[in-house]
Amino acid sequence: MPYLFEAWLLLMACCAFWLWRALHPGMEPARRFLFLAVLVVVLSLVCAVWYGFGRRGGSYVPARIENGVLVPAQSGAR
């Protein structure tokens, strides 16, 4: 179900852009808007890489049953 919501958000953003292009066929976006859009994409990529390199340590071990006893999930120590 969450995937449907994410797909709906993407579809709405695309429809808004297509509607804007249909209503203003010869008009280009302002340079300030383009600069901000590129800045958001670059910052998103930098944050994703930073988060990825910051997650060092062990790996996740899911919960399991040993000798009839539930052993809780464990995440690696940092």
Is there a chain of hydrophobic side chains (I, L, V, M, F, W, Y, each step under 4.5 Å between heavy atoms) that links Leu45 to Phe53?
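No: no chain of side-chain contacts under 4.5 Å links Leu45 to Phe53.
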
Which distance, rounded to the nearest 0.5 Å, do you find between the CG of Leu43 and the CG of Leu36?
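The CG atom of Leu43 sits 10.5 Å away from the CG atom of Leu36.
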
Judged by atom type as modelled, is there a donor-acceptor pair below 3.5 Å linking the side chain of Arg21 to the main-chain atoms of Ala16?
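Checked: no pair found.
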
side-chain contact (heavy atoms from CB on, under 4.5 Å), paired with Val42, selected from Val40, Val38, Leu39
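It is Val38, the one option of Val40, Val38, Leu39 that forms the side-chain contact (heavy atoms from CB on, under 4.5 Å) with Val42.
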
